[in-house]
Protein chains: 2
Amino acid sequence: MSTKRGTGSLDTREKILNVSVELFMENGYPGTPLSLIASKLGFSKAALYYHFKNKDDILNGILNPLLDRIDALLEEAPQRFTDAESRWKFLVTYSDLMLSDPRAVSVLAIGGSQVWLPESIYNRIERHRVRTIELTMLPGMSDEEKVRSILLMDMMHRETVFDKRRFVIDGMTPERRREIVYSFIKKSFED
Amino acid sequence: MSTKRGTGSLDTREKILNVSVELFMENGYPGTPLSLIASKLGFSKAALYYHFKNKDDILNGILNPLLDRIDALLEEAPQRFTDAESRWKFLVTYSDLMLSDPRAVSVLAIGGSQVWLPESIYNRIERHRVRTIELTMLPGMSDEEKVRSILLMDMMHRETVFDKRRFVIDGMTPERRREIVYSFIKKSFED
DNA sequence: GTCTATAGCTCGATAGAC
DNA sequence: GTCTATCGAGCTATAGAC
């Protein structure tokens, strides 16, 4: 995949991805011209086309590693969970997976309805969203419990995906916040 | 404000706003050219400039009525609420206000980090977001309670703002869903 | 592997006729 | 109040030199 690298330096390819993520977060994906990415890297726009075949290819480079791993996780999962413990274990695994790729997650957080995404990526994300919600639902749930599952899965997803615009309490660390959020979600699931 | 109108027909201005909202939801704001709005209305791009001074002015026409009313509500509100009942009354009022303008809410739902918004509108929305969260916090709350307030306000806001991409249960009406969601939020606040 | 130059396109906005 | 025509800016992507 990659050539051998020296001590501290990253692939040019990786540098491009990292700078792109920063700019996509600031300006959005359609709002970030390739010229801006190039100038922040200190070289010209055309040079980007040596490393990526077009703009969407940069986006794919950022998102695909994470999306592939989510695909794999969802394929391993059973049709439905039948008990709360194994469901919770799955949710934690899913959450850890998301948190393991902050670069991709940052770009996912730009979204919203994400109409600007290439259709192939959009469809994958939508499939993940629907499937994870389905997997929170246990057999024999009432309407109230189903709706609550949707709300809580949504809450968990947002907790992994959003970092920037978050309302921060005094000196609370992100880890402490996450601990509180997850225990609230777990308790609400069990209630 | 408006000239007298015939029986069923809307202002051209209102027609433009309604068509724009539909297209903004489909393609996003930056992804919707004025030419598309014009063609869907059956007239030319230049005609739009008789009714609005530029593209952002259309967006303002959609959002400002709601944002103005939210501003007014937030100015009426006390510095902080001191009891759970008056806080809940405020939250219901805020929610009803949002639901009273589905057109504006649809456009707000496009967002996400909403970097595409004109700065003036973006700042207003951010102020609303922060202020409403502050108002959910009662004196003497623990860290856990503060975080839960953030989560629940966020949940409530999303319940008013999102319609489209929602995971729908069988034959459940939106009203039934909202009833379940609100009772969950209320219960979680009181817990 | 990076450059300059430019093709080719789309868009917002304006001018001016009707 | 709506039209045609067009300007000018900004963008993706490619060609071809080094």
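Convention: sequence-line order gives letters A, B, ...; per-chain numbering from 1.
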A.B. asks: Is there a side-chain contact between T132(B) and F167(A) (heavy atoms, below 4.5 Å)?
C.D. replies: no
A.B. asks: Going by side chain to side chain donor-acceptor pair (under 3.5 Å), name the residues that satisfy it together with D57(A), two or more places apart in sequence or in a different chain.
C.D. replies: none
A.B. asks: Between E159(A) and R166(A), is there a side-chain N and carboxylate O pair less than 4.0 Å apart?
C.D. replies: yes
A.B. asks: What's the CZ-C1' distance between R13(A) and dG1(C), to the nearest Å?
C.D. replies: 15 Å
A.B. asks: Using whole Å, what does the distance between atom P of nucleotide dT2(D) and atom CZ of F43(B) come to?
C.D. replies: 5 Å
A.B. asks: Let me know the distance between CG of L41(A) and C1' of dC3(C), rounded to the nearest Å.
C.D. replies: 15 Å
A.B. asks: How many Å lie between CZ on F52(B) and C1' on dT14(C), as a whole number?
C.D. replies: 18 Å
A.B. asks: So do the side chains of V115(B) and E26(A) get within less than 4.5 Å of each other, counting heavy atoms only?
C.D. replies: no
A.B. asks: Sugar-phosphate means primed atoms, P, OP1 and OP2; the rest is base. With that split, encode nucleotides 4-18 of chain D 5' to 3' as B, S or - using protein heavy atoms under 4.0 Å.
C.D. replies: B------SBBBB---
A.B. asks: To the nearest Å, give me how far apart CG (L48(B)) and P (dC3(D)) are.
C.D. replies: 9 Å
A.B. asks: Applying salt bridge (charged side-chain N to carboxylate O under 4.0 Å, His left out) to R131(B) and E75(B), what does each step give before you reach the verdict?
C.D. replies: CA-CA 10 Å; R131(B) 187 79 184 102; E75(B) 268 165 45; over 6 Å; no
A.B. asks: Give Y50(A) one of three labels, base, sugar-phosphate or nothing, depending on what nucleic acid heavy atoms sit under 4.0 Å from its own.
C.D. replies: base
A.B. asks: Just distance, no hydrogens or angles: give the donor-acceptor pairs under 3.5 Å from side chains in residues 90-97 of chain B, sequence neighbours left out.
C.D. replies:
from: T93(B); atom 1: OG1; to: K89(B); atom 2: O; distance (Å): 2.8
from: S95(B); atom 1: OG; to: Y182(B); atom 2: OH; distance (Å): 2.4

